[in-house]
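All remarks here apply to the structure that follows.
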Protein chains: 2
Amino acid sequence: MATLLHIDSAVFPEGSASRDLTATFVKSWLEQHPEGKVVYRDLAASPLPHLDITAASAGAGNALRAELAAELAEADAVLIGAPMYNFTIPSTLKAWLDQVIIVGHNAGPESTLASTPFTIVASRGGSYAPGTPREEFEFVQTYLQKVLTGMFGATDIDFIVPELTLAHSKPEMAELVPLAEASRAKAQEEATQKAKALAARLAA
Amino acid sequence: MATLLHIDSAVFPEGSASRDLTATFVKSWLEQHPEGKVVYRDLAASPLPHLDITAASAGAGNALRAELAAELAEADAVLIGAPMYNFTIPSTLKAWLDQVIIVGHNAGPESTLASTPFTIVASRGGSYAPGTPREEFEFVQTYLQKVLTGMFGATDIDFIVPELTLAHSKPEMAELVPLAEASRAKAQEEATQKAKALAARLAA
C-alpha cells in the first residue's frame, strides 16, 4: 500500500486549474491503486504559519516542523498543486517549504528523499513557455526544480503545466481560448496517465 | 521631506546580515536627510497573513491590502531586506508581495510605482554569483527584479548582495571567511553610499 501526499495551495477552492488537476491525478491514482492511501494538506484552507525564530532555531525539535517532515518522509510520492502568483509559488507553499526543509534532518547530504517522486501541477494564467515573451518571468518550475534537487537531492520531478488559465475570464485573452482549452485537455490527460503509471510503479 | 519604506524579513532579529545592512542604509539616509521620514515594517516580528480568498477577491477593497498599497504608494523610496531562504525570498516577503500587488490598482498598466526606487539587500549564506556552481540556484535577485518590473513597471531597482554570510558559523566554509568579510565590508560601504546618494536625490 503506497501513500501519496497531496498538497494544494490555490487560494480559490472552486474554479482552480491546479486543484482540478490534482483531483484528477488522485482519482486516477486511486482507481489504479484502490488500497492506496492519500494524505491531504490544503495550504489555503489550513495555512501554515511563516517560519519564525522559534521554529527556525528548533529545527526538527519543533512539533509542526517534525510533523511536516514526517508526513513527507512517509510519502511514497508527492503531488503538489502550485499555481503561479506574481510569477512564483504562493506564500503558503513557500511557508510549507521553509517549515519542512530541515538541513541536517531531511535536507542536505542526509536527505532520504532523493528517490521520492514529485509531481507538480504548475498552472498559470498566461504562457511562460520557452520562446514566449514571458519566458524569463517563470519562477515556479525553475524554482521548484532547483529547491527539490538542491535541498532533497530529488531526482524524480515531473511537471504538468496547464497554461493560459485566465483566457476564459479576460476579454483581452479571448483569442487564446482555443489554446487554453488544448492546454487544459493535455494537462488532464497527463494527470490521468501519470497518476496511473505512478500508482502501477508504486504498487509493484 | 521624503519617505523611505523600510521592510525587513529576516527571521532572526540579531546577527542578521540583511538587518545590519538595512540599518546602515537607514542611518546613512537619515544623516543625509534629517527631516526624512522612515516607515518601518518588520515582516518577521509582525508577519502578514497569507493571501486568502477574502483578500484575493476584495483586492483594494480589503483593509490590509489597501493599507499596504497606500504605504507603498506614499513611499518615495523602498528598502527591502531579502535574505535567501531555500534559494528564494522568505514566505513572509512573498506574503507581502501577494497582499500588496493588486492588479488594476497599483500593478499592471495602471501602476504609479514605475519611478519608485527600490533598494534590495539580498544577503545569502553562500555565493550564487555568476560563474559559481550555485549560480542557477539564485531566485532572490532574479525573482525580485522580474516581479517589480513585471508588476509595477519599476525601472530603478538596485541590489546590495552580501554573500557567504554562513562562512563564520560553518566549519566547512572556514577558508571562505576572508571572502565573506570582504563581501560584508563592500556591502556596508555600498549601503552607506547608496543611501546617501538616494537621500540627496530625493531631497533635491
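Remember, predicted model here, so these are calculated numbers, not experimental data. Only heavy atoms go into these numbers, but all of them, side chains included; no hydrogens, no water, no symmetry mates. Labels below follow one simple rule: chain letters A, B, ... track the order of the sequence lines, proteins then strands, and each chain is numbered from 1.
Using bins of under 30°, 30° to 60° and over 60° for the plane-to-plane angle, the ring pair Phe139(B)/Phe139(A) lands in the perpendicular bin.
Phe137(A) contributes atom CZ, which lies 11.5 Å from atom OG1 of Thr142(B) (distance to the nearest 0.5 angstrom).
For chain B, the nearby part of Ile101(A) is the side chain; its heavy atoms alone come within less than 4.5 Å. Both the backbone and the side chain of Asn86(B) come within less than 4.5 Å of a heavy atom of chain A. For a residue to count as touching a neighbouring chain, one of its non-hydrogen atoms must lie under 4.5 Å from one of that chain's; by this rule Glu136(B) touches chain A with backbone and side chain alike.
In terms of heavy-atom pairs under 4.5 Å with chain A, the best-connected choice from His50(B), Arg134(B), Gln145(B) is His50(B). Interface summary for chain A: among Val103(B), Asp98(B), Val147(B), the most heavy-atom pairs under 4.5 angstrom belong to Asp98(B). When Trp96(B), Tyr143(B), Tyr85(B) are compared by the number of non-hydrogen pairs under 4.5 Å with chain A, Tyr143(B) comes out ahead.
Within 6.0 Å of CD on Glu172(A) lie more than 12 heavy atoms contributed by other residues, nucleotides or ligands.
Chain B is approached within less than 4.5 Å, heavy atom to heavy atom, by Phe87(A), Thr88(A), Ile89(A), Pro90(A), Ser91(A), Thr92(A), Lys94(A), Ala95(A) from residues 87-95 of chain A, ordered by number. Within residues 13-23 of chain B, the residues having any heavy atom less than 4.5 Å from a heavy atom of chain A are, in residue-number order, Pro13(B).
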